[in-house]
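We count residues from 1, following the sequence as given.
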Amino acid sequence: MKPFFLIAAILGFSISFAQKLEYTNGKIYQDGEQLSSFETKTLMKTDLKALHLFKKAKTKESLGGFLLGLGIGGTAADLVKGLVSNEKYPTVISYAGVGLMAISIPILSGRKKMVQESVDIYNSGLQEQKKTLGDNFELNLVNNANGVGLRINF
């Protein structure tokens with residue numbers, strides 16, 4: 001049981017002392033190392049708004065990519081079918097493929113902006129958590145069922 005608490009404490013400290021994230025060229029970096037989507041989601045668990053926006057952007061990316069791939073595949077399959085056989089080329093499959101490609105464009109647009117916004121929200125949350133010793137402390141009087149006491153927050 002002790003190793004579990006030790007690992008949980010180390011993980012908690014690593015999350016609380018997290019570094020800023022950088023979003024460049026469609027990739028997220030922390031301290032110069034590229035992070036996967038899973039690692040980014042793990043880091044963003046501390047800021048639910050940033051995590052929700054990041055997941056929403058990844059959902060848009062997945063759905064738009066699927067529709068784009070399906071449209072390209074359908075159009076290419078119909079083209080090959082038209083070249084190999086004696087049937088007329090533009091059939092319903094080609095039109096459906098072009099339609100799926102057209103639908104995927106608005107779905108895919110805006111996802112990079114959403115990822116950038118989620119990284120900015122996460123980074124702004126880190127700046128608020130940063131406190132220094134010295135003049136940045138609070139002294140409060142606490143009253144609960146156990147009695148009265150003083151609480152100092154650094």
Side-chain angles (χ1 to χ4, degrees), residues 1 3-138 140 153-154:
M1 196 68 165
F4 173 73
F5 287 122
L6 178 64
I7 291 171
I10 290 172
L11 182 64
F13 286 130
S14 67
I15 290 173
S16 65
F17 295 117
Q19 300 290 324
K20 283 188 172 184
L21 299 178
E22 298 174 11
Y23 182 66
T24 54
N25 298 331
K27 297 175 183 163
I28 297 177
Y29 297 95
Q30 181 183 28
D31 293 334
E33 293 184 25
Q34 182 180 349
L35 298 178
S36 67
S37 293
F38 178 76
E39 292 170 334
T40 306
K41 287 178 190 176
T42 304
L43 282 174
M44 287 188 177
K45 282 184 180 177
T46 58
D47 192 344
L48 295 179
K49 186 175 181 182
L51 179 64
H52 174 70
L53 200 58
F54 183 75
K55 284 183 176 180
K56 192 174 178 182
K58 287 298 177 180
T59 302
K60 281 183 75 158
E61 183 177 353
S62 298
L63 181 63
F66 176 75
L67 290 176
L68 182 65
L70 191 63
I72 291 172
T75 306
D78 193 42
L79 175 65
V80 169
K81 181 182 162 192
L83 291 174
V84 174
S85 67
N86 289 334
E87 297 178 15
K88 65 176 188 164
Y89 162 59
T91 63
V92 175
I93 297 172
S94 290
Y95 296 125
V98 171
L100 286 173
M101 287 188 280
I103 290 172
S104 70
I105 292 170
I107 293 174
L108 285 172
S109 66
R111 63 180 160 60
K112 290 183 180 181
K113 183 180 177 185
M114 290 174 77
V115 172
Q116 180 65 50
E117 191 175 332
S118 70
V119 168
D120 291 341
I121 290 171
Y122 176 77
N123 287 339
S124 67
L126 285 180
Q127 292 172 353
E128 293 172 6
Q129 293 176 358
K130 189 183 283 186
K131 292 186 176 182
T132 59
L133 295 175
D135 62 344
N136 193 9
F137 69 93
E138 297 176 10
N140 297 324
N153 292 335
F154 294 97

Exercise for the section: Measure from the side-chain N and O atoms of Lys60 to the backbone N and O of Ser109, and report whether any donor-acceptor pair falls under 3.5 Å. Expected result: yes
Fill in the blank from the handout: Minimal heavy-atom distance between Ser104 and Leu67, with the atoms involved, is CB-CB, 4.0 Å
Practice task
Could you tell me the separation between the NZ atom of Lys41 and the CG atom of Leu35, rounded to the nearest 0.5 Å?
Solution key: 13.5 Å
Fill in the blank from the handout: Leu79 and Tyr89 have their tightest heavy-atom pair at CA-CE1, 3.2 Å
Handout entry: Atom pair OG (Ser124) and NZ (Lys20), whose distance is rounded to the nearest 0.5 Å
Key = 9.5 Å
Fill in the blank from the handout: Minimal heavy-atom distance between Ile121 and Ala50, with the atoms involved, is CG2-CB, 3.9 Å
Handout entry: Glu33 atom CD, neighbour heavy-atom count above 12 within 6.0 Å
Key = no
Exercise for the section: May I ask you to test the Met44-Leu21 pair for a side-chain heavy-atom distance under 4.5 Å? Expected result: yes
Fill in the blank from the handout: For Leu68 and Met101, the nearest pair of non-hydrogen atoms, with its separation, is CD1-CG, 3.9 Å
Practice task
Please round to the nearest 0.5 Å and tell me the distance separating atom OH of Tyr95 and atom CG of Leu100.
Solution key: 15.0 Å
Practice task
Taking Thr75 for its side chain and Ile72 for its backbone only, find out whether a donor-acceptor pair lies under 3.5 Å.
Solution key: no
Practice task
Drop me the distance from Leu63's CG to Arg111's CZ, to the nearest 0.5 angstrom.
Solution key: 12.0 Å
Problem - Any side-chain heavy-atom pair of Asp47 and Leu51 under 4.5 Å - result: no
Handout entry: Which atom of Leu43 lies closest to which atom of Gln30, heavy atoms considered
Key = CD1-OE1, 3.4 Å
Problem - Test item: Tyr122 and Thr46 side chains (from C-beta on) under 4.5 Å apart, heavy atoms - result: yes
Handout entry: Phe66 atom CZ, over 12 foreign heavy atoms within 6.0 Å
Key = no
Handout entry: Beyond-backbone contact of Lys58 with Glu61, side-chain heavy atoms, under 4.5 angstrom
Key = yes
Problem - From CD1 (Ile28) to OG1 (Thr40), nearest 0.5 Å - result: 4.0 Å
